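Read through the structure below, which is laid out as structure tokens, and then see the notes.
Worth knowing before you read on, the calculation uses all heavy atoms, side chains too, and leaves out hydrogens, waters and symmetry mates. As the structure is a computational prediction, the values presented were derived from the model and not from experiment. Below, chain A is the first sequence line, B the second, and so on; all start at residue 1.
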Amino acid sequence: MYKILEKVSLNPSMTKMAVEAPLIAKKAKPGQFIIYRVDEFGERVPLTIADTDAERGSVTIIYQKVGASTMLLDTLGEGDYILDFVGPLGVPTELEGYKKVAVIGGGAGCAIAYPQAKALHKMGTAVDVIAGFRNTELIILEDEMKAVSDNLFVMTDDGSNGNKGFVTNALEDNIKNGAGYDLVIAIGPVPMMKAVCGLTKQYGIKTIVSMNPIMIDGTGMCGGCRLTVGGKTKFACVDGPDFDGHEVDFDELMKRNVMYRPAEQAAREKNCRLIRKAEVDQNA
Amino acid sequence: MPNMCPNKTPIPEQDPNVRNKNFDEVATGYTEEMALSEAARCLNCKNPQCVTSCPVNIRIPEFIAQVVKGDYEEAYKVITMSSSLPAVCGRVCPQETQCESKCVRGIKGESVGIGRLERFVADYHMKHAAEAPSKPAQNGHKVAVIGSGPSGLTCAGSLAKKGYEVTVFEAFHTAGGVLMYGIPEFRLPKEIVQKEIAELKALGVDIRTNMVMGKVMSVDELLESGYEAVFVGTGAGLPNFMNMEGEGLIGVYSANEFLTRINLMKAYKDEYDTPIIRPKNVAVVGGGNVAMDAARSALRLGAENVYIVYRRSEEEMPARNEEIHHAKEEGVNFKLLRNPVRVIGDDSGKVVGLECVEMELGEPDASGRRRPKAKEGSNFTLDVDAVIIAIGNAPNPLIRSTTPGLEANAKGCIVVNEETMETTKKGVYAGGDAVTGAATVIKAMGAGRRAAESIDSWLSGKTE
């Protein structure tokens, strides 16, 4: 059992949670992930680690309440326990040897882009962070990202923060203005990563993307997280989650990621009923 | 007087057309009367070949003699001197190629039903044993076991009985390894596995789940933190694919994933959130026990047509005879001498067919089995909405890639001295599928037991 030490709402759909897991906190590096399971009946869900605090022995995760399993997680509060919490899984991001890096986060992907920027900044690498959100209400980690970057560009799809555009617009502007990136790290929705890679390929800039596909064990056992990279089958859990974005078959990935959408919808409805029931019980 | 009936006492089973719709155990097990009748078929040979052909050398005639006397607890004690998981082995061992293959009764009829008797004894014990075994006196030595599958549990159990303080590290949230995630409920009820594990815990074995060794802690760190020896029993968990077109389509599963969703994650039960595709028509590629398990599980999830696609003939199939027989009885359709060439998908990326080619057998290959060759122009398509790939697994690399000094062969199998199970790294032992590549539960148990013996002789020598 793993105790929830801290729970903070970042925006209406995203929550930050620090979980007591000292062994993982000691070992985790940027780019690695954990798998949690809320209770006996829950799914095993992978989430990339957003931050660690080795002293406190905690691992921070940021999740978006989109499916039954994250909604179930969100019913827990500080002091409650998560049944299973396992990691650190996957290969850490290779951050050594770059001069200037653009770290791009899309929506919830910023939660994972942030530790990469933080690590690079700490190593003395020049870092530009480009973060994209649908609207200004949904912006998360702005102060944190500012603190670990030389330049921060926050874009909104609807321009509600006064900066309308996609992350690719900001990236292309910077490249054209001579930013001189030797690496781009892009983390977010698959269509965003695909668009970033399409752009950086034109400019010949190496691009790392972070995958978060469907998986069970996270140790190479099920093969559910497989994707095609450079024409070869790779497992995101043990070969990744980072891959060379110019080699990833994004179209296949997008199809695989919606594999369980009908089942997920059913589970969400089922879970909604559970939550409603809990509320009724509480009020009774 | 021995029972000279040439045939085994039949074991009661659920009707094939009933059981192919539920996940309850296929064989319901001997009654006391049946067990007594079957035990009386054993001639108690002076030089029992069954014992030597058992990978853990269970003293078979001795335990059967106790069954004849009606002393089932004593029979259980005889079995557990050699085996840590009798209720498991009685169910899943390939007895026909091991103990039962050498039984004298098999010359003029059927061998003694050793597996069925072992299961009876183990089940009797579980039902009637008054108390859990007590923790033996500790000898002060600490040993770590990585992986809680058959080899790890056996190694842990054998050492705990000798007084070692044993910690087992398991990556999943539940101990048992392949016994929990791989072998289906209808062949090996999970409650039985957990009861066997509870017995080990009562012996003092500490099981720590959610520990992915090599990631959260390395073998070297274990050795530095006070464990004097480490046993690596991490299994063969990396599924192989065919590397054919269309394997990324929705509806293509590794057998590991399909079975794990069902067995460990209980996707067949409504109260669990685990999603799974419930296909109408399924092709399972492969001819081993795992392929049979996947095919029979698909039937139970409600599939109408389930095909086994295997590139050789039935004779070469590696699955146990009983599994093949059960699969056929339940309605699995065997497409033998057929090999898949590509998976066909629709616009949304979902599987709609499996293109196969007919095969013929040529000259024997390195394995001694006749090499299958494709017949040109014999391609045909099976209309299926799911394809399950069950063509074997490679050993998991997490430990070998994070343990300097631990050598593996070209296939990724950890190199050991086969008698002592010592690896190339001092204090580190290995066994089971991590060493052999995918094999059987009982062979893994044999390796776990041998490793425990050599760890014991090494560590007990250290104190003297």
Using non-hydrogen atoms only, which part of [X] is less than 4.5 Å away from chain A: side chain, backbone, both, or neither?
{"X": "Tyr181(B)", "result": "side chain"}
{"X": "Asn240(B)", "result": "neither"}
{"X": "Leu238(B)", "result": "both"}
{"X": "Leu249(B)", "result": "backbone"}
{"X": "Phe172(B)", "result": "both"}
{"X": "Ser218(B)", "result": "backbone"}

Rounded to the nearest 0.5 Å, what's the gap from [atom1] on [X] to [atom2] on [Y]? Could you check?
{"X": "Glu252(A)", "Y": "Glu247(B)", "atom1": "CD", "atom2": "CD", "value": "10.0 Å"}
{"X": "Asp273(B)", "Y": "Leu72(A)", "atom1": "CG", "atom2": "CG", "value": "6.5 Å"}
{"X": "Met217(B)", "Y": "Ile24(A)", "atom1": "CE", "atom2": "CD1", "value": "11.5 Å"}
{"X": "Leu264(B)", "Y": "Arg44(A)", "atom1": "CG", "atom2": "CZ", "value": "7.5 Å"}

Tell me, yes or no, whether the heavy-atom count around [X] atom [atom1], taken from other residues, nucleotides or ligands under 6.0 Å, exceeds 12.
{"X": "Lys65(A)", "atom1": "NZ", "value": "yes"}
{"X": "Lys26(A)", "atom1": "NZ", "value": "no"}
{"X": "Lys3(A)", "atom1": "NZ", "value": "no"}

**Study point:** Least distance between heavy atoms, Val252(B) atom then Arg256(A) atom
**Key:** O-NH1, 4.5 Å

Revision key, fill the gap. Scanning both residues in full, the closest heavy-atom pair of Met221(A) with Pro239(B) reads O-CD, 3.2 Å

Please rank [options] by heavy-atom pairs under 4.5 Å with chain A and give me the top one.
{"options": "Leu259(B), Thr274(B), Ile389(B), Val212(B)", "answer": "Val212(B)"}
{"options": "Lys266(B), Lys350(B), Glu221(B)", "answer": "Glu221(B)"}
{"options": "Thr260(B), Asn393(B), Thr174(B)", "answer": "Thr260(B)"}
{"options": "Gly248(B), Ser254(B), Gly349(B), Ala236(B)", "answer": "Gly248(B)"}

Would you say [X]'s side chain and [Y]'s backbone share a donor-acceptor pair under 3.5 angstrom?
{"X": "Asn210(B)", "Y": "Asp84(A)", "result": "no"}
{"X": "Asn396(B)", "Y": "Thr219(A)", "result": "yes"}
{"X": "Arg226(A)", "Y": "Phe241(B)", "result": "no"}
{"X": "Lys215(B)", "Y": "Gly90(A)", "result": "yes"}

Check whether [X] gets within reach of chain B through its side chain, its backbone, both or neither, counting any heavy atom under 4.5 Å.
{"X": "Tyr2(A)", "answer": "side chain"}
{"X": "Arg37(A)", "answer": "side chain"}
{"X": "Lys27(A)", "answer": "side chain"}

Review point. Should Leu83(A) and His173(B) count as side-chain neighbours, where that means a heavy-atom distance under 4.5 Å?
Key: no

Check your understanding: Below 4.5 Å, heavy atoms only, C-beta onward: do Arg261(B) and Cys222(A) meet side chain to side chain?
Key -> no

Practice item. Indicate whether any N or O donor in one side chain lies under 3.5 Å from an N or O acceptor in the other, for Glu40(A) and Tyr272(B). Key: yes

